[in-house]
Amino acid sequence: MNTIHINPERLQRFLTEIAAYGATPDGGVTRLALSDEDRDARNRLRAWFEEAGCETKIDRMGNMFFVRPGRNRALPPVMTGSHCDSQPQGGRFDGILGIVGGLEAVCALNDAGATLERDLIVVNWTNEEGSRFTPGTTGSGVFAGKLDRETMHALKDRDGLTFGAELERIGYKGDEDFNPGPLHANFEYHIEQGPVLERRGMTIGVPKGIVCLRWFDVFIEGVPNHAGPTPMDERQDAIHAFARMASEIFAIGLDSDGVVATVGEVHPSPNSRNVIAGKVHFTIDVRGWDETETDRVCAEIERTVAEKARVTGTTAELRRTWEVGRAPFHPRLASLIRDTARELGLPALDMVSGASHDTVYINQSTPSAMIFVPSIGGRSHAEVEETSWTDCAAGADVLLNCLVKTCNDPEGAEYA
C-alpha cells in the first residue's frame with residue numbers, strides 16, 4: 001500500500017471535542033481516573049470508534065479495546081493507544097493524543113477503503129496517571145500480568161473510595177478479561193512532555209526506551225503544638241523536617257548522573273497557620289535510564305530522610321510504593337518509525353523517554369515502540385500543555401503508516 005495520510009482537520013476536531021470533558025477555565029483538563037469526566041470521555045470515544053466500524057471490548061479493569069477487523073483474524077494483531085485520564089489541572093494532549101491518533105488512523109483507513117491483513121486494536125488504558133489511585137499504569141499492568149487485579153480493585157483514593165467500586169459506578173467494569181492472544185507489535189503515540197524536540201527543531205522523537213521509576217511515600221511524625229508559646233529550640237516541627245528533606249532530595253538529584261528526583265505531593269497536618277505541624281505526608285518520584293545510578297540515588301535519599309528526621313527530633317517512615325525497571329524498545333520497530341518519518345519528510349531524533357507510559361508494561365511481552373511529537377516550551381502535566389496541530393498531524397501520519405506496515409506483515413513475520 002502506498003503512503004496514506006490522516007485528515008488533519010478531523011484529528012483537530014476529535015482532540016478539541018474530547019478536551020471538553022473535564023475542561024478547566026485555563027485551557028487544561030481535570031479528568032481523573034474513574035471520575036464522571038472520565039466516564040463521559042469514554043462514552044464519547046466508544047461512540048466514535050463504533051461509528052468507524054470498530055468492535056468494542058471492555059475488560060475487568062475497564063481497559064477499552066477498539067478492534068478494526070483485519071483480513072486474517074487468526075494472525076496476531078497490532079495494537080496502539082494510550083490513556084484518557086489526566087492529572088489534576090493537567091493538559092489536553094497527554095495520553096488522549098495517542099487514542100485519538102489511533103481513531104484518526106482508523107478513519108483514514110476507512111477513507112482509503114483499506115483492509116489490513118491483521119486486526120488493528122486501539123486501546124484506552126485505565127488509570128495511567130496514578131494521580132487518584134496509586135500506582136499508575138494500573139490497567140496496562142494488570143493486562144500484562146504484572147499487577148494483581150484484585151489488589152488494584154482494592155486501591156483507595158483520598159476519600160476512601162475503591163478503584164473497583166468506582167469502576168462499577170461509572171459502568172466500565174467488564175465481565176471478563178480480553179485476551180487478543182500474542183500481539184504482533186505495539187505502538188504508543190504521545191507528546192514528548194519535555195523540551196528536547198522543540199529545542200532541536202525536530203518533529204518526531206524516536207525513544208530507545210523508558211527510564212526506570214521509583215515512587216516513595218514518606219510519613220513524618222512530629223509534635224503538634226501552639227505556634228506562639230512554643231520556643232523555637234523546643235519544637236519537633238514536621239514541616240521543618242520536611243523542608244530540610246525536600247531541599248536535600250533536590251540537591252541529590254542535581255548532583256546525580258542523569259537521574260531526576262521530585263517531591264510532588266505534600267500533605268501537612270493539621271495544616272493550620274497557628275499550629276506547629278505534627279505530621280507531613282509527602283511523595284518522592286525518582287527516575288533514570290541507568291538503574292544502578294537510580295538505585296544509588298534512592299539509597300542516598302533514604303539515608304537523608306532518616307538523618308533529617310533524627311536532627312529535627314521527628315520520626316520518618318519511608319515506603320517504596322511503586323518500582324518499574326527501564327524498558328528498552330524494540331530496535332526494529334524504532335527503526336521503522338525513523339524510516340517512516342524520513343519517508344514523510346519529517347526530521348526525527350533518537351532520544352529517551354523521561355516519562356513513564358503504559359508501554360512500560362506492554363513492552364515486557366510485546367515488541368513495542370513509541371512516537372513522540374514536541375511539547376511547546378517543554379511543558380506537560382499542566383494546563384499550559386500545548387502541541388501544535390501541525391505536529392499532532394505529523395505524528396499521526398507516522399503512526400498511521402507504521403500501523404499499515406506492521407498490520408500488513410505476512411504470516412510468520414515476527415519482531416523477535
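These values consider heavy atoms only, across backbone and side chains, with no hydrogens, waters or symmetry-generated copies.
Side-chain atoms of E37 and L32, non-hydrogen and from C-beta on, never get closer than 4.5 Å to each other. You'll find the side chain of P367 stays beyond 4.5 Å of the side chain of N186, heavy atoms only. For the pair D358 and V123, the minimum side-chain heavy-atom distance is 4.5 Å or more. L97 is not listed as a side-chain neighbour of F14, based on a closest heavy-atom distance of 4.5 Å or more. Taking the side chain as every heavy atom from C-beta outward, E128 and S82 never approach each other to under 4.5 Å. No side-chain heavy atom of V259 sits less than 4.5 Å from a side-chain heavy atom of D290. By the 4.5 Å heavy-atom criterion applied to side chains, H267 and K279 are not counted as neighbours. Residues I18 and L45 are in side-chain contact: their nearest non-hydrogen atoms beyond the backbone lie under 4.5 Å apart.
We find the NE2-CZ distance between H153 and R149 to be 6.5 Å, quoted to the nearest 0.5 Å. From T312, atom OG1 reaches atom CZ of R310 across 9.5 Å, with rounding to the nearest 0.5 Å. Atom CG of residue D40 and atom CG of residue D36 lie 6.5 Å apart, to the nearest 0.5 angstrom. To the nearest 0.5 Å, atom CD of residue E383 and atom CD of residue Q87 are 12.5 Å apart. To the nearest 0.5 Å, the span separating CZ on F372 from CD on Q193 amounts to 7.0 Å.
When the options T262, T294, V260 are evaluated for a side-chain contact (heavy atoms from CB on, under 4.5 Å) with R287, the one that passes is V260.
A centroid separation of less than 6.0 Å is found between the aromatic rings of Y415 and H184.
Taking 4.0 Å as the cut-off between side-chain N and carboxylate O, E386 and R92 count as a salt-bridged pair. A salt bridge links R10 and D111; the closest N-O separation between the charged side-chain nitrogens and carboxylate oxygens is under 4.0 Å. Between R303 and E248 no salt bridge is recorded (no basic side-chain N to carboxylate O distance below 4.0 Å). D217 and R319 are not joined by a salt bridge, as no carboxylate oxygen comes within less than 4.0 angstrom of a charged side-chain nitrogen. Between R68 and E50 there is no salt bridge, since no side-chain N of the basic residue sits under 4.0 Å from a carboxylate O of the acidic one. Remark: K57 does not engage D59 in a salt bridge, criterion side-chain N to carboxylate O under 4.0 Å. Remark: E166 does not engage R39 in a salt bridge, criterion side-chain N to carboxylate O under 4.0 Å.
Nearest heavy atom pair, residue A108 against residue L400, reads CB-CD2, 3.9 Å. Residues S353 and P207 come closest through the heavy atom pair N-CB, 4.1 Å. Contact between E323 and R320 at its shortest, heavy atoms only, is OE1-NH1, 3.0 Å. The nearest pair of heavy atoms linking T203 to A394 is CG2-CB, 3.7 Å.
T30 places a side-chain N or O within donor-acceptor distance of the main-chain N or O of Q89, the cut-off being under 3.5 Å. Formation of a donor-acceptor pair under 3.5 Å by the D94 side chain with backbone atoms of S380 is not found in this model. D157 places a side-chain N or O within 3.5 Å of a backbone atom of L161 that can act as its donor or acceptor partner. Judged by distance alone, with hydrogens and angles left aside, the side-chain atoms of H357 form no donor-acceptor pair with the main-chain N or O of T359 at under 3.5 Å. Between the Y189 side chain and the C392 main chain, a donor and an acceptor come within less than 3.5 Å of each other. Under the 3.5 Å distance criterion, the side-chain polar atoms of T126 are matched with a main-chain donor or acceptor of N63. At least one donor-acceptor pair closer than 3.5 Å links the side chain of S86 to the backbone N or O of R31. Looking only at distances, no side-chain donor or acceptor of D38 sits under 3.5 Å from a matching main-chain atom of D85. Under the 3.5 Å distance criterion, the side-chain polar atoms of T137 are left unmatched by any main-chain donor or acceptor of S140. Looking at R296, its side chain never comes within 3.5 Å of a backbone N or O of E291 through a donor-acceptor pair.
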Next on the checklist: The test is side chain to side chain contact (heavy atoms under 4.5 Å, CB included); show your working for L333 and T406 and say whether it passes.
Outcome noted: CA-CA 9 Å; L333 292 180; T406 49; 4.2 Å; yes
Next on the checklist: side chain to side chain contact (heavy atoms under 4.5 Å, CB included), that's the test. Do M245 and I220 meet it? Break it down for me.
Outcome noted: CA-CA 10 Å; M245 293 174 191; I220 305 171; 3.7 Å; yes
Checklist entry - Please walk me through it: do H381 and E129 pass side chain to side chain donor-acceptor pair (under 3.5 Å)? => result CA-CA 10 Å; H381 281 188; E129 294 291 1; 3.3 Å; yes
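Note: F49 and F66 have parallel aromatic rings, judged against thresholds of 30 and 60 degrees for the angle between ring planes. Note on ring orientation: taking the six-membered ring where Trp is involved, the planes of F143 and F65 are tilted (angle from 30° to 60°).
A cation-pi arrangement is not found for R214 relative to W322, the charged atom failing to lie both closer than 6.0 Å to the ring centre and inside a 45° cone about the ring normal.
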